There are 2 protein chains.
Amino acid sequence: MPAPPPEGGSPAQGGPTDHTLQITNQRGYGYHTQMNVSSKPERSRLSAEDWENAALHLIAEQGVGALAVEALARQLGVTKGSFYWHFRTRESLLNAALERWERYGEREIISQIEEIADPRERLPELFRRVAHELQSHRVYAALLKALDHPQVVPVMARVSQRRMEFLTTAFREAGLPPAQALNRARLTYAAYVGFLQLNFTLGLPRINHEEFDAYIEHMIATLIPG
Amino acid sequence: MPAPPPEGGSPAQGGPTDHTLQITNQRGYGYHTQMNVSSKPERSRLSAEDWENAALHLIAEQGVGALAVEALARQLGVTKGSFYWHFRTRESLLNAALERWERYGEREIISQIEEIADPRERLPELFRRVAHELQSHRVYAALLKALDHPQVVPVMARVSQRRMEFLTTAFREAGLPPAQALNRARLTYAAYVGFLQLNFTLGLPRINHEEFDAYIEHMIATLIPG
DNA sequence: CGTTTACCATACGGGTGAGTATGGATTGAC
DNA sequence: GTCAATCCATACTCACCCGTATGGTAAACG
């Protein structure tokens with residue numbers, strides 16, 4: 001068996017690679033490519049992280065169901081032979097991509113909000129920032145529609161649980177008694193999730209910018225005590 | 001070509017059949033079956049509506065992606081030969097099922113709510129009834145996760161639009177000025193949609209009955225003016 | 001009672017996508 | 001430069017599922 005070692009964790013591990021979960025272009029602009037301006041995408045060697053990023057990119061655009069290895073390979077300019085060197089199976093890619101997303105996609109906002117001194121200003125600031133960075137929540141919205149998939153359920157459970165706890169303490173710090181703070185967090189988070197669903201794939205709240213801002217302010221006035 | 005006539009609208013149309021969108025058992029307890037208690041499901045002839053109901057049943061349980069004709073046939077105790085007599089293609093079944101759901105699943109609640117005399121009592125009543133009949137919204141929750149499917153988008157757009165308008169007028173009748181009523185309706189509907197997502201497939205708000213009722217009352221107190 | 005019509009089974013063709021086998025090409029170590 | 005490790009291409013198998021073709025059976029009608 002001269003088969004290469006496509007282990008679960010993949011051979012490439014450790015090292016000072018840049019971990020910032022950039023789901024931008026297909027390839028991460030390789031290290032030393034020949035800088036050709038031809039139509040073909042730049043060629044270099046791929047790593048497992050490249051596949052994970054491409055997978056997250058595809059999930060954000062077309063959902064978990066569209067995650068096919070041959071489609072990904074075409075998009076990356078290679079064939080399946082490359083994929084099955086880095087990953088054992090399609091599920092392992094999904095797991096790795098989800099794990100990666102959970103790790104590096106968490107403290108985008110929460111850590112920034114926690115630095116705000118006045119607790120009463122945190123929630124309005126959180127609402128406004130989330131509303132103006134909806135694009136970064138496309139993976140979450142796509143995963144929300146794939147909750148029938150057994151692999152995404154635990155990830156989403158953990159992420160939603162953490163966000164819910166953050167919201168609950170924020171509402172407590174804003175002056176609500178504990179029981180009300182928990183329910184208000186549930187309501188707020190449900191409104192957030194529902195808005196993602198209704199806004200992305202369905203384009204239901206067909207509203208322009210200023211109307212959207214007015215909606216956000218209405219949310220703030222309705223949900224945040226003060 | 002001795003091929004039978006599987007037209008779009010299907011041959012069976014009109015007639016005093018019971019239209020109540022019952023997504024209960026696999027077969028609708030046929031007209032004159034032999035009432036056997038054997039393990040095999042009761043045998044009779046199937047109609048297009050039986051297939052549509054079974055399709056909605058399957059969609060509610062496993063999502064739109066799991067709607068396969070052979071799986072449905074197995075579940076109904078027949079083979080594909082039966083299906084392709086009633087329907088021309090798989091898409092036509094989906095369209096028929098969605099159309100059926102849109103028609104008969106609409107005025108379950110709205111018509112009942114409209115009969116309430118006092119407008120200020122309508123919204124709390126609506127909230128409580130919807131909260132205690134979540135099971136009938138499983139199809140809507142499943143369709144919500146299939147918004148990348150082109151066939152479900154127009155249906156969901158129409159249904160959501162109607163419900164949004166109903167909510168908007170209800171909030172106006174409850175005393176809110178028009179602009180605020182619209183935004184409050186958006187917020188309320190987003191909370192409804194998000195709760196469906198977080199509750200069904202993800203079991204996130206792991207709360208018992210009295211805690212759930214408390215949450216509903218919190219929603220009423222927070223979102224409904226007065 | 002026989003014939004037509006409605007409904008279903010069986011068997012097949014075709015397309016898609018996951019996973020495997022294996023050899024070739026590229027890179028880095030020495 | 002050589003050799004081994006790493007990465008990728010090609011070709012294949014297998015399973016699943018849509019749709020078709022066609023013959024069979026039970027119900028409806030005369």
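Below, chain A is the first sequence line, B the second, and so on; all start at residue 1. On a predicted model such as this, the values are computed, not experimentally measured, just so you know.
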Inset, instruction - Please determine if A:R186 and B:E211 form a salt bridge, counting it only when a charged side-chain N lies under 4.0 Å from a carboxylate O. - result: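 Here A:R186 pairs with B:E211 in a salt bridge, since their nearest N and O are under 4.0 Å apart.
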Legend entry - Sidechain N-carboxylate O distance under 4.0 Å for B:R129, B:E125: yes
Inset, instruction - Mark yes or no: A:R163 above the aromatic ring of A:Y189, with NZ or CZ under 6.0 Å from the six-membered ring centre and no more than 45 degrees from the axis. - result: no
Inset, instruction - Could you pick out which residue, A:G81 or A:V69, lies toward the 5' side of DNA chain C when each is mapped onto its nearest nucleotide? - result: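 It is A:V69 whose nearest nucleotide is closer to the 5' end.
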Write down the distance between [atom1] ([X]) and [atom2] ([N]), rounded to a whole number of angstrom.
X	N	atom1	atom2	result
B:L72	C:dC8	CG	P	14 Å
B:W85	D:dT22	CH2	P	19 Å
B:L58	D:dC17	CG	P	12 Å
A:L46	C:dT26	CG	C1'	13 Å
B:W51	D:dC18	CH2	P	11 Å
B:R74	D:dC18	CZ	C1'	13 Å
A:F87	D:dC8	CZ	C1'	15 Å
B:Y84	D:dG19	OH	P	4 Å

Closest to the [X] side chain, choosing from [options]:
X	options	answer
B:T79	C:dA6, C:dT10, D:dA9	C:dT10
B:K80	D:dG19, C:dC8, C:dA18	D:dG19
A:V78	C:dG19, D:dA9, D:dC17	D:dA9
A:E70	D:dG19, C:dA18, C:dC8	C:dA18

Legend entry - Under-4.0 Å side-chain N/O to phosphate OP1/OP2 contact, B:T89 with D:dG19: yes
Inset, instruction - Give a yes/no answer on whether the side chain of A:H86 brings an N or O atom under 4.0 Å of OP1 or OP2 in D:dT6. - result: no
Legend entry - Aromatic contact, B:F200 with B:H137 (centres under 6.0 Å): no
Inset, instruction - Flag the pair A:Y215 / A:F195 as yes when their ring centroid distance falls below 6.0 Å, and as no otherwise. - result: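 Yes, the ring centres sit under 6.0 Å apart.
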Inset, instruction - Assess whether one donor atom and one acceptor atom, taken from the side chain of A:R45 and the base of D:dT6, lie less than 3.5 Å apart. - result: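 In this structure, the two groups form a donor-acceptor pair.
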